[in-house]
Amino acid sequence: MSQVDSKTITEEVRAGHKEYLFPSVQAYYREPLVLVEGRGAIAVDSDGREYSDFFSGILTTSIGHCHPEVVERVREQIGRLNHTSTLYLNEPQVKTAQRLAQISPGALKKCFFSNSGTEAVETAIMLARIYTGRDEIVALRYAYSGRSTLATNMNAQAPWRPLSSSIPWIKHAMSPYCYRCPFGPPHDDCAEKFARDLEEVIVTTTNGKPAAFFAETIQGAGGFIVPPAGYFQRAAEIIRRYGGLLIMDEVQAGFGRTGDKWFGIEHWDVEPDIMVMAKGIASGFPVGATIAKKEIADAWTRKSISTFGGNPLSMVAAETTLDVMVREDVPGRAAQRGRQLREGLDSLYEKHSWIGEVRGMGLMQGMEIVTDRESKTPDPDRANALMEATREEGLLVGLGGISAHVVRVAPSLLITEEEVAVGLQKLSQACQKVSVKDSGE
Ligand SMILES: Cc1ncc(COP(=O)(O)O)c(C=O)c1O
């Protein structure tokens with residue numbers, strides 16, 4: 001394709017997006033990127049420009065773009081059978097469910113498949129309410145749970161709540177957000193303080209009989225907020241003492257992303273009653289999954305159908321993704337490459353005082369961008385400038401945080417040492433550009 005042709009296509013897609021899509025479907029960058037191709041940790045735009053993809057379509061192309069084994073299995077399946085509905089059985093669905101039961105912590109055993117994280121969250125909340133015969137759910141502030149009416153009521157960031165609160169049985173406890181600790185020093189027992197707030201919310205804002213506590217293991221859209229050690233043990237103990245279930249959302253942190261373990265919650269030796277998965281589960285195919293302990297899943301005896309949930313195409317993509325992940329020891333690789341990535345980000349922290357904190361686990365790392373380290377004032381303008389600069393350098397990263405001021409870095413879990421080094425180099429150059437602009441040079 002000539003340069004003129006590709007320019008025309010890019011402009012047509014941008015104009016068409018503006019004209020025919022809801023304005024809520026907001027893309028990154030002043031001039032949004034049109035992606036046309038992907039290979040592993042590389043994405044290619046409509047002008048033929050290659051990018052190191054360090055955001056993986058929001059932590060979703062977990063084993064990279066177009067992994068050859070996934071492509072081959074999907075190709076083979078698409079010519080044979082694409083759809084069954086949940087009224088008929090299909091082998092890939094059962095195999096995927098088996099695999100999930102094998103790698104999930106504790107006694108999580110039975111799955112319900114849907115098409116997105118939002119639906120997986122909906123399923124988990126409904127199941128908890130059916131099983132316990134109770135209504136109230138305690139979630140966390142800074143949460144992101146999706147885009148349905150229920151999920152937007154679970155979201156605890158104003159930009160992700162299009163309507164006023166309409167579900168009175170959802171309550172929010174404090175986020176264990178240590179960088180912005182509301183308790184002040186000393187910071188040695190913050191896990192306990194945040195856990196006490198959860199208990200306070202239960203005894204003051206619910207009837208004392210919550211159906212469940214629902215939390216992301218690392219708050220993703222909230223800005224990769226990692227709770228302090230000990231928080232989830234105490235939270236699990238508290239919610240169970242009040243007769244509620246523990247639901248963990250592993251939509252972002254699952255599938256080896258945090259390094260060494262399959263799921264984020266395993267770092268804290270806590271076994272959830274229900275777990276929610278999506279994004280990286282099928283490396284780009286639309287799959288949501290809710291897994292529960294047998295006796296909990298078995299409580300849902302009325303009918304429920306998901307026309308597309310568990311469809312053979314998505315399921316072969318999930319099954320193959322999981323097979324590759326197990327074979328390649330993705331948790332181990334994420335730990336190793338995560339250390340390399342973290343070292344690189346830590347050295348940027350040493351150079352640039354507008355990086356307030358680097359935090360994360362494994363290949364899920366964030367940099368909180370602030371005006372200065374003392375006031376910790378979020379600096380979305382600089383974060384935006386950094387986004388534009390990374391794009392210019394040929395690097396894709398993401399944004400998060402309540403003010404869109406946390407840069408999120410989460411490449412393919414199969415990324416190589418060399419690819420991490422190249423991406424870090426581009427990030428370093430982008431940071432330099434942003435600093436130079438700042439000093440007016
Ligand atoms: C933690 C978490 N839960 C749920 C969701 C909703 O997933 P989806 O966008 O697939 O509906 C998201 C999406 O970003 C998420 O990050």
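Note that this is a predicted model, so its numbers are computed, not measured. Atoms within each ligand, like the ligands themselves, are counted from 1 in listed order.
- The shortest contact between atom 16 (O) of ligand 1 and any protein heavy atom is with Gln252 NE2, 2.8 Å.
- Using 4.0 Å as the threshold, Arg147 has no heavy atom nearer than that to any atom of ligand 1.
- Residue contacts with ligand 1 do not include Gly220, since none of its heavy atoms lies under 4.0 Å from the ligand.
- Inclusion of Ser145 in the set of residues having an N or O under 3.5 Å from an N or O of ligand 1 is not warranted.
- At a cut-off of 3.5 Å, with distance as the only test, a side-chain donor of Ser46 or Thr10 sits close to an acceptor on the other residue.
- Neither the backbone nor the side chain of Ala278 comes within 4.0 Å of ligand 1, counting heavy atoms alone.
- Applying the side-chain contact (heavy atoms from CB on, under 4.5 Å) criterion to Leu150, with sequence neighbours excluded, gives Glu122, Ile125, Ser148, Met154, Ile167, Trp169, Ile170.
- Near Glu216, with a cut-off below 4.0 Å to any heavy atom, the atoms of ligand 1 are 1 (C).
- Listed by chain and residue number, Phe112, Thr290, Trp300 satisfy the side-chain contact (heavy atoms from CB on, under 4.5 Å) test with Thr123 (two or more places apart in sequence, or in another chain).
- Within ligand 1, the atoms closer than 4.0 Å to a non-hydrogen atom of Ser116 are 10 (O), 11 (O), numbered from 1 in the order shown.
- Residue Lys279 touches ligand 1 through its side chain alone, judged by heavy-atom distances below 4.0 Å.
- Interface atoms of ligand 1 facing Gly117, defined by a heavy-atom separation under 4.0 Å, are 6 (C), 7 (O), 8 (P), 10 (O), 11 (O).
- Using bins of under 30°, 30° to 60° and over 60° for the plane-to-plane angle, the ring pair Phe55/Tyr28 lands in the tilted bin.
- Which parts of ligand 1 touch Gly146 is read off a 4.0 Å heavy-atom cut-off, strictly below it: atoms 6 (C).
- Remark: among candidates Asp249, Ile58, Thr118, the nearest residue to atom 6 (C) of ligand 1 is Thr118, based on non-hydrogen atoms.
- A side-chain donor-acceptor contact under 3.5 Å links Lys426 to the backbone of Gly394.
- Between the side chains of Gln336 and Arg333, not a single donor N or O lies within less than 3.5 Å of an accepting N or O.
- Heavy-atom contacts of Val251 reach the following atoms of ligand 1: 1 (C), 2 (C), 3 (N), 4 (C), 12 (C), 15 (C) (cutoff under 4.0 Å).
- Within a 6.0 Å sphere centred on CD of Glu72, heavy atoms belonging to other residues, nucleotides or ligands number 12 at most.
- With no hydrogens or angles considered, no side-chain donor-acceptor pair links Glu295 and Tyr131 at under 3.5 Å.
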